[in-house]
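Both ligands and their constituent atoms are indexed starting at 1 by order of listing.
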Amino acid sequence: MYYEYLQSHMGIKPHVASFVEQTEAELAPLFAAADSVAALNQLKILNAMQKSRLSDTHFSSSTGYGYHDEGREVLESIFANIFEAEAALVRPQLISGTHALSAALFGNLRPGDMLFSPVGKPYDTLESVIGIRPTSGSLAEYGISYSQTELTENSDPDYDAIIAALADKPKMATIQRSKGYSWRKSFSPNEINSIISCIRNHSPQTIILVDNCYGEFVSTEEPVKADLLAGSLIKNPGGGIAPGGGYVVGKQKYVEAAAERLTAPGLGSAVGPTLGMSRTLIQGLFMAPQTVCAAVKGAILAAAVFEKAGFSVAPAPGDPRSDIVQAIKLGTPENVLAFCRGIQKAAPVDSFVTPEPAPMPGYSHGVVMAGGTFIQGSSIELSADAPMREPYIVYFQGGITDAHSRTGVVFALNELKFR
Ligand SMILES: *Cc1c(COP(=O)(O)O)cnc(C)c1O
């Protein structure tokens with residue numbers, strides 16, 4: 001019925017519909033595995049909400065300074081519980097993942113300190129925060145240096161190089177879980193925990209931050225051995241419902257240092273009104289395992305469909321996943337634009353516009369972004385992004401219902417020249 005309707009009402013070519021239908025039928029075991037992950041994460045979140053004695057009264061609003069905002073306090077205790085952390089900062093005033101990471105970095109680093117990445121170049125927007133790309137107000141301008149070690153050819157951490165780099169005793173290390181805009185694999189929580197053990201063995205003072213963006217609730221574990229984790233609420237942990245926000249969780253003193261950067265020294269986490277958002281943020285978290293599961297299924301389907309259609313994909317359909325991102329090497333700018341056109345045509349919002357590459361704040365290349373989302377820029381909702389550079393890889397992610405992420409795959413294929 002679904003595939004017939006696509007042809008009769010939505011302009012999908014018959015051979016595209018049947019190709020996706022056949023591919024989907026082969027994926028039932030992988031989808032069942034994703035459902036099991038979601039079921040366990042649902043229980044963990046439910047348990048955390050019950051332990052925090054979440055109640056109807058927590059959904060009332062605070063304004064102004066937001067002193068003693070009970071909704072905010074309970075939301076933060078739930079996050080801390082889920083990530084097995086001492087403290088959490090979960091705020092609508094954190095604009096995005098970049099902002100949460102930036103607060104964690106600026107809050108904990110001081111002039112003369114060094115920041116170290118053991119997993120190669122960080123996400124594009126972090127380049128300006130760190131000052132890898134000279135930027136006004138970057139860590140580099142405050143006298144904070146940066147070093148990184150590259151991944152091996154198999155995109156594994158290069159432990160010899162990491163151990164050598166740790167001789168410089170970096171004040172902080174940042175580990176990015178997701179591949180971001182690169183072709184490497186995304187690291188599982190276990191792999192991240194191994195990197196963390198190595199850092200602890202060779203440089204016990206180093207504060208370890210994990211960029212957990214796109215990774216939350218994709219597996220049954222989180223990289224909880226880190227001192228700090230940060231991410232965005234318009235990705236996985238907002239469940240497609242949070243209208244904005246970010247989080248930092250981890251050791252109390254490091255989370256508080258991030259809070260003092262977010263608000264002001266002396267104010268820290270004690271202020272911050274939820275402005276009527278606490279119910280949506282909490283409910284979004286409650287929905288997140290199911291939402292993430294829909295996105296993961298869409299990513300698996302995209303991998304299977306585009307691999308069969310002759311493109312390289314990372315990860316492969318059956319590979320273990322640690323984030324919701326599916327990279328597809330499309331090879332030409334035309335293919336990238338066609339794919340993004342398809343994603344846009346499959347959107348509930350702005351389905352009639354054509355995505356074009358444009359400069360984006362924080363990114364060095366033109367980026368084409370498709371996503372007609374209810375929340376601006378939300379990438380837990382069906383979306384695709386591609387920096388317009390060789391080898392023309394598109395990054396597909398999101399879809400807050402199973403049927404919608406699947407529809408995105410169908411529409412993207414329908415726009416490509418494919419027989
Ligand atoms: C999305 C993302 C970020 C932060 O981006 P924002 O758009 O600011 O939320 C950082 N790192 C990774 C790996 C990401 O996917």
Nearest protein heavy atom with distance in Å, relative to atom 2 (C) of ligand 1 = Lys235 NZ, 2.4 Å
Closest heavy-atom approach to atom 5 (O) of ligand 1 among Leu126, Thr98, Thr174 is made by Thr98
For atom 9 (O) of ligand 1, the protein heavy atom that lies nearest, with its residue and separation | Gly97 N, 2.8 Å
Would you mind checking if Asp227 and Arg200 are paired as a salt bridge, meaning a charged N to carboxylate O distance below 4.0 Å?
-> yes
So does Asp156 pair up with Lys185, basic N to acidic O under 4.0 Å?
-> yes
The atoms of ligand 1 lying under 4.0 Å from a heavy atom of Gln176, numbered in the order shown, are 13 (C)
Select the closest option to atom 11 (N) of ligand 1 among Asn236, Asn212, Asp211, judged by heavy-atom distance.
-> Asp211
Could you give me the CA-CA distance, side-chain angles and deciding distance for Tyr395 and Tyr181, then say whether ring pair (Phe, Tyr, Trp, His ring centres under 6.0 Å) is met?
-> CA-CA 7 Å; Tyr395 299 86; Tyr181 286 157; 5.1 Å; yes
Would you say the side chain of Met369 lies within less than 4.5 Å of the side chain of Glu356, judging by non-hydrogen atoms?
-> no
With atoms numbered from 1 as shown, which atoms in ligand 1 lie under 4.0 angstrom from a non-hydrogen atom of Ser96?
-> 6 (P), 8 (O), 9 (O)
Basic-acidic side-chain contact under 4.0 Å: Lys251, Glu86 | no
